[in-house]
Amino acid sequence: VISITQSKNKYHLTQERFSLLGKKYLEKWIIPICYLTTENKAFTTILKSKSLTLSSKCDWIKFNYHQPGFFSVKYSPSLLSTVGSLIPTKKISHLDAAGIENDLYSLTIALQYSLYDYLNFIEKYCLDAEYPLNASISGHLGWIFRISKNTGLENNVRKTSLLFHLQQLKRIGWERK
C-alpha cells in the first residue's frame, strides 16, 4: 500500500505491506511509481525507502497511472475526494477510475476506510461509470451486500447498490438495439 497525503505543494508517499489481518511488517521495497498530473503529464519515480516527498503545484495527481504497479494507493480523505471528482468528468481513463475504486474497495475490506466512505464514493462519483469500472463496482457491491446481511449495514448497501444499478440501466438501456 502506498499512502498519499498532501501539504501545500508537496505529496507525501509512504509504503507499507498490505494485510487483510491488520498485521504490521517491516519490509521495504523498491517501487516504481507512475503518476499523472493536472497538466495531463505522466511521470515515473522510484520509491527506494519507506517514504518519499514529491514537490508539485498540481491540483491533483493520480498515482499508479495506467495501473502498472502491484500495489494499492490509499489517498487521504481530501485527495480521495479530489481524484474521485476526476471520474465523472472523464479527466482520467476508465482503467484508472477502476483502479481507484478497486483500491478503495480492497482497503475498505481491510478496514483502512469505512464502508460509509466506500458507499459515499460510489454514490458521489461513480453512478455513470463505464466499463471496466461499472463491472468492478457491481461485483463489489454484490459481495458487500452478501456479507452485510443481518448486520445493520444491509440497508445502506442496498440503497447504494440500487441507486448504482438503476443508473446503469438508465444509461445502457434495457431493450435490445
Side-chain angles (χ1 to χ4, degrees), residues 1-6 11 18 20 33-43 58-177:
V1 176
I2 306 295
S3 296
I4 313 290
T5 58
Q6 182 184 23
Y11 288 84
F18 177 79
L20 279 174
I33 308 282
C34 300
Y35 59 98
L36 180 72
T37 65
T38 308
E39 293 86 22
N40 212 28
K41 292 182 182 175
F43 297 93
C58 295
D59 294 334
W60 56 264
I61 294 180
K62 194 302 182 182
F63 289 92
N64 205 11
Y65 175 57
H66 286 321
Q67 303 305 113
F70 190 66
F71 57 87
S72 294
V73 178
K74 181 182 178 187
Y75 291 99
S76 68
S78 63
L79 289 175
L80 182 62
S81 180
T82 300
V83 295
S85 70
L86 304 175
I87 296 171
T89 60
K90 300 188 182 348
K91 291 184 179 176
I92 57 173
S93 71
H94 299 304
L95 178 64
D96 282 323
I100 293 168
E101 183 274 337
N102 193 64
D103 290 346
L104 177 59
Y105 169 77
S106 298
L107 294 166
T108 299
I109 296 302
L111 303 176
Q112 294 188 35
Y113 286 109
S114 76
L115 179 59
Y116 294 107
D117 290 337
Y118 178 78
L119 297 176
N120 288 333
F121 185 88
I122 299 305
E123 289 183 22
K124 191 168 185 179
Y125 304 115
C126 301
L127 293 182
D128 289 320
E130 295 180 30
Y131 185 82
L133 178 57
N134 58 358
S136 181
I137 293 169
S138 184
H140 292 156
L141 287 172
W143 193 84
I144 291 171
F145 183 74
R146 285 189 294 282
I147 65 168
S148 69
K149 199 92 167 130
N150 301 320
T151 64
L153 300 170
E154 182 179 357
N155 287 335
N156 298 76
V157 178
R158 178 184 290 118
K159 175 187 157 272
T160 300
S161 185
L162 284 171
L163 186 64
F164 174 75
H165 288 99
L166 287 172
Q167 186 63 30
Q168 289 294 302
L169 280 173
K170 277 185 200 172
R171 189 178 64 76
I172 62 175
W174 185 256
E175 300 295 322
R176 183 181 288 204
K177 297 185 184 192

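The analysis underlying the following values was restricted to heavy atoms, covering all of them including side chains, and did not include hydrogens, waters or symmetry mates. Nothing fancy with the numbering, it's 1 onward along the sequence.
- For Ser85, the side-chain contact (heavy atoms from CB on, under 4.5 Å) criterion is met by Tyr125, not counting sequence neighbours.
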Chi angles and distances behind the side chain to side chain contact (heavy atoms under 4.5 Å, CB included) call for Val157, Leu119: CA-CA 7 Å; Val157 178; Leu119 297 176; 4.1 Å; yes
Trace of the side chain to side chain contact (heavy atoms under 4.5 Å, CB included) decision for Phe63 with Ile2: CA-CA 9 Å; Phe63 289 92; Ile2 306 295; over 6 Å; no
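- Here the CG-OG distance, from Leu166 to Ser161, works out to 9.0 Å after rounding to the nearest 0.5 Å.
- Contact detail for Leu141 and Tyr118: the closest heavy-atom pair is CD2-CE2, 4.0 Å.
- The CG atom of Asn102 lies 8.0 Å from the CD atom of Gln67; values are rounded to the nearest 0.5 Å.
- Looking at Leu36 and Lys41, their side chains never come closer than 4.5 Å, going by heavy atoms from C-beta outward.
- The two atoms that bring Gly69 and Asn64 nearest to each other are N-OD1, 2.8 Å, heavy atoms only.
- For the pair Cys126 and Ile137, the tightest heavy-atom approach, listed with the atom from each and the gap, is CB-CD1, 3.4 Å.
- At distances below 3.5 Å, at least one donor-acceptor pair connects side-chain atoms of Ser148 with backbone N or O atoms of Ile144.
- Between Cys58 and Ile61, the shortest heavy-atom distance links the atoms CB-CG1, 4.3 Å.
- Note that CG of Leu104 and OH of Tyr75 are 11.0 Å apart. Values are rounded to the nearest 0.5 Å.
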Derivation of the side chain to side chain contact (heavy atoms under 4.5 Å, CB included) call for Lys91 and Thr38: CA-CA 9 Å; Lys91 291 184 179 176; Thr38 308; over 6 Å; no
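- Taking Phe164 as the reference, nothing meets the ring-ring contact (aromatic ring centres under 6.0 Å, His included) condition, with sequence neighbours excluded.
- If you take CG on Leu115 and CG on Leu153, they are separated by 5.5 Å, rounding to the nearest 0.5 Å.
- Counting only distance, with no hydrogens or angles, the side chain of Thr160 and the backbone of Asn156 share a donor-acceptor pair below 3.5 Å.
- No donor-acceptor pair closer than 3.5 Å links the side chain of Arg171 to the backbone N or O of Leu127.
- The CD atom of Gln112 sits 11.0 Å away from the CG atom of Asp103 when rounded to the nearest 0.5 Å.
- Listed for the Thr82 side chain is no donor-acceptor partner under 3.5 Å among the backbone atoms of Trp60.
- Across all their heavy atoms, Thr108 and Ser114 have their closest contact at CG2-O, 3.8 Å.
- Under a 3.5 Å cut-off, the side chain of Gln168 and the backbone N or O of Ala135 do not form any donor-acceptor pair.
- For Ser138 (side chain) and Asn134 (main-chain N/O), no donor-acceptor pair under 3.5 Å exists by modelled atom type.
- Nearest approach of His94 to Tyr131, heavy atoms of both residues: CB-O, 3.5 Å.
- Note that CG of Asn120 and OG of Ser81 are 10.5 Å apart. Values are rounded to the nearest 0.5 Å.
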Candidate pair Tyr35 and Lys62, rule side chain to side chain contact (heavy atoms under 4.5 Å, CB included), full reasoning: CA-CA 5 Å; Tyr35 59 98; Lys62 194 302 182 182; over 6 Å; no
